[in-house]
Amino acid sequence: MSVVEHLDRGPRDKNELAAAIAGDIPHGAYVNLGIGQPTLVADHLVAGSGVVLHTENGMLNMGPAARNDEVDPDLINAGKIPVTELPGASYFHHADSFAMMRGGHLDVCVLGAFQVSEHGDLANWHTGAPGAIPAVGGAMDLAIGAKSVFVMMTLFTKDRIPKLVSACTYPLTGLGCVSRVYTDYATFEVGAAGARVLETFGIALTDLAERLDVELRGHVD
Amino acid sequence: MSVVEHLDRGPRDKNELAAAIAGDIPHGAYVNLGIGQPTLVADHLVAGSGVVLHTENGMLNMGPAARNDEVDPDLINAGKIPVTELPGASYFHHADSFAMMRGGHLDVCVLGAFQVSEHGDLANWHTGAPGAIPAVGGAMDLAIGAKSVFVMMTLFTKDRIPKLVSACTYPLTGLGCVSRVYTDYATFEVGAAGARVLETFGIALTDLAERLDVELRGHVD
Amino acid sequence: MSPRVVSDPDEAVAGIEDSSTVLVGGFGMAGMPVTLIDALIRSGASDLTVVSNNAGNGDTGLAALLAAGRVRKVICSFPRQSDSWVFDRLYREGQVELEVVPQGNLAERMRAAGAGIGAFFCPTGVGTPLAEGKETREFNGRIYVLELPISGDVALIAAHTGDRMGNLTYRKTARNFGPVMATAARRTIVEVGRVVEIGAIDPEVVVTPGIYTDTLLDLAAVRKGGS
Amino acid sequence: MSPRVVSDPDEAVAGIEDSSTVLVGGFGMAGMPVTLIDALIRSGASDLTVVSNNAGNGDTGLAALLAAGRVRKVICSFPRQSDSWVFDRLYREGQVELEVVPQGNLAERMRAAGAGIGAFFCPTGVGTPLAEGKETREFNGRIYVLELPISGDVALIAAHTGDRMGNLTYRKTARNFGPVMATAARRTIVEVGRVVEIGAIDPEVVVTPGIYTDTLLDLAAVRKGGS
């Protein structure tokens, strides 16, 4: 399969990333969207997609963020933001909710990341900075708990250091758990066989390959 | 504590046994009554005892057996007999029901037995006869799942062989799990320290000791 | 995916392959998916491993499946009942294998399968023949036996009401193994007394969330002869 | 035993001893037993180990308990929040120990304590710093980490409605850790929005059966100034 290079445009912004991910979520999938940017994906799921959102604090078929008098302190998402309930929702306790996740019943989980390795290792919970207070939340459960784990992130840090790496240097969240990485400059498949570029945005494949310290499968110099 | 010998009467019948056990169940206890004779105990729990009956097929606050048009095929006890529901009942699935039991939340469980050892080992699921089809049901879970396990049985087989023994010869249901044994001829405490007679019925303690192959604590020849 | 809602029992069980492990709900007749079992017999699927609390009674349901020679192995807690003559005969003739599992282990092992637990240390059965050859370990002064998950290729269960997203409620003690088996199988097929529209079940009272339901057989429609 | 039903928060928490392990429900503010936590602070109990999803935020609730110097150790999944300044300071000063546990492990380890499971092999955290030093084992080609139960001397939780037998219902995502913690503690103290008579809760919708409830604090009566 050849790589599609979108060179007539710049890199994707976070809403374009969210839209791209939403487009790749199968009809009727059960999906968990991680805290932060991944929640944007919900805005791009079209009506009739049949996608059911799970929030690990005990709910299926979560609706959009609550507005004004919809706000109910007993109804929040994993980011502790007030949300709403869609028809056909259900509530369950934390052990049942994580059993659902860890038992592999969710189809897709979308997460942010500090680093992803070409083999799908994920680092998204701890920078490893000395003195940082560790806080994992549900990250490690989410990482291993869905049939497919998509990462949504910028490809480079503010200091222009690549976040797609040959091996994570930050403390790991999960081993070999990520299957796809959506970034501003490119979408990648990652896994046991290594990383492969699916699409690029605002950058040529050869330039991308030079900026990364990762062997890209299917990329011929 | 001296042993009470009731010599002005014969051995207890099963209803007297059931009444004796009912009398020893603390007010407000959560209790599971095993299949068969132990279910008779329910008939002797006085109103206001506050005892709540658990049935391992997923219910708390089970009521008496259903009569006539009370019969509902969806409402049965562990012996598959139609029962009724008392106000304040609750239903739960099998994993939650056995978690309740195995987690040690029940106060008392009353079981029948083939044999009980002086150390509280229980054999009540299998005679070990060649060709017998094994069937354990919830017996092993019940045996280890209550704060106190009471056994209700005749002290002797039809062939006059004692069922309170120094060591069980039948396949075990649980190790050291029984605390008290109610029989027609006597009530015993059993456990790590061995067997002790609490009361006898229609038999003198010395005669009882002679008919058993078990050292009885507190019994002076 | 929202479940397929069907009114034909044969369609509900279509695709169950030979040599499958089939989890079958029910405790006694309460919660027994009789319509689905009958359809499974008609489907001809054979060499099955059946996981259920009992091994059939009388001549219908699981007993009929056994009598038809479709079952290679039964995993259950209580095979021997006063009217389990079909199983008893096949077992004594060596026609069917038996794994007897304490009832709580049966439930917890399926729960483990559904919850992604690799194995667990369990207090039941220590020192008994059913723990022979199994690994034991002491934690906090108590001995436990290592038990492995039981998962199914298919679960056949009965529920009271299901909505079109597959959310289920049960009725009284007919709940029993249904909610656990629904989580433990790759494909869960449910016969329900009635199918209701989405939104008709209060989200607080859902027992099995729709994520676990793959096929919903509408018994009300079956009775009407399909719809 | 049916639970004690009280209308005085101080009476509800009376008897919680120094050095207890206290399970505290809630995820964010949803399901947080704020009245009971305030009473626990007034009780003076100290050297506590607190098990909760978070380590307090702002200056109230768990944060106030921490600020009062009553907590020796926190076991939680997510201590660091934008407004967790009390915990952050105490942690950096070495005044409080921290055990970070993945959220699913926190729930499952308490579930194990309540269910009599000695330990379990868990897929979460394999290969990460949180599994360092822990036993691992492969089952069916997947690696798992051995995790131990977390039990409490006391659980403080919030529910929506409770009847006088202690049966509880919850509301929406305020359910979270409450039902699990109720099973995992030797004594479970519950604050409920309202106490109803026995029979007023449909047996099908009970989430926490009364067997797990020891003390029920009637918030409606608290608001009225006791009754």
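Throughout, protein chains are lettered first and strands after them, A, B, ... in sequence-line order, and every chain is numbered starting at 1.
Both the backbone and the side chain of A/Tyr91 have a heavy atom closer than 4.5 Å to some heavy atom of chain D. Heavy atoms closer than 4.5 Å to chain A are found in the side chain of D/Leu98, but not in its backbone. The contact between A/Pro134 and chain D is made by backbone and side chain atoms together, counting heavy-atom distances below 4.5 Å. Looking at A/Thr173, only its backbone comes within 4.5 Å of chain D, counting heavy atoms on both sides. Heavy atoms of D/Arg171 lying under 4.5 Å from chain A belong to its backbone as well as its side chain. Using a 4.5 Å cut-off between heavy atoms, A/Asp72 touches chain D through its side chain atoms alone. Neither the backbone nor the side chain of D/Val207 comes within contact range of chain A, judged by heavy atoms closer than 4.5 Å. Residue contact with chain A, scored on non-hydrogen atoms closer than 4.5 Å, is absent for D/Tyr170.
In terms of heavy-atom proximity, D/Ala30 sits nearest to A/Ile76 at CB-CD1, 3.8 Å. Heavy atoms only, all atoms of each residue included: A/Ala78 and D/Phe27 are closest at O-CZ, 3.5 Å. The minimum heavy-atom distance linking A/Pro171 with D/Pro129 is given by the pair CB-CG, 3.7 Å. The two atoms that bring D/Phe78 and A/Gly137 nearest to each other are CD1-N, 3.4 Å, heavy atoms only. Between D/Lys172 and A/Glu85 the shortest heavy-atom distance is NZ-OE1, 2.8 Å.
The candidate from D/His160, D/Arg109, D/Met110, D/Arg92 with the greatest count of non-hydrogen atom pairs under 4.5 Å with chain A is D/Arg92. Each of A/Leu172, A/Val136, A/Leu175 has some count of heavy-atom pairs under 4.5 Å with chain D, and the biggest count is that of A/Val136. With chain A as partner, the option from D/Ser84, D/Pro179, D/Ser77 having the largest number of non-hydrogen pairs under 4.5 angstrom is D/Ser77. Annotation: maximal heavy-atom pairing with chain A below 4.5 Å, among D/Val101, D/Asn105, D/Val126, D/Asn53, occurs at D/Asn105.
Between A/His94 and D/Phe177, the ring planes are parallel. Angles under 30° get that label, and only those over 60° would be called perpendicular.
In the displayed structure, A/Asp213 atom CG is contacted under 6.0 Å by at most 12 heavy atoms of other residues, nucleotides or ligands. Applying the 6.0 Å contact sphere to CD of D/Glu135 captures more than 12 heavy atoms from other residues, nucleotides or ligands.
Side chain of A/Asp141 to backbone of D/Gly104: a donor-acceptor contact under 3.5 angstrom is found. At distances below 3.5 Å, not a single donor-acceptor pair connects side-chain atoms of D/Arg111 with backbone N or O atoms of A/Ala95.
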- Item | Steps toward side-chain contact (heavy atoms from CB on, under 4.5 Å) verdict (A/Ile133, D/Asp88) | CA-CA 8 Å; A/Ile133 299 176; D/Asp88 295 6; 3.7 Å; yes

| task | Carefully, step by step, assess A/Phe98 and D/Gln103 under the rule side-chain contact (heavy atoms from CB on, under 4.5 Å). | result | CA-CA 8 Å; A/Phe98 280 82; D/Gln103 201 169 131; 3.6 Å; yes

### Task
Determine, step by step, whether A/Asp74 and D/Thr173 satisfy the side-chain contact (heavy atoms from CB on, under 4.5 Å) criterion, reporting the C-alpha distance in whole Å, the side-chain angles of both residues, the deciding distance to 0.1 Å, and the verdict.
CA-CA 6 Å; A/Asp74 285 345; D/Thr173 57; 5.5 Å; no

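A donor-acceptor contact closer than 3.5 angstrom links the side chains of D/Asn54 and A/Lys80.
A distance of 11.5 Å separates CD of A/Glu56 from CG of D/Asn176, quoted to the nearest 0.5 Å.
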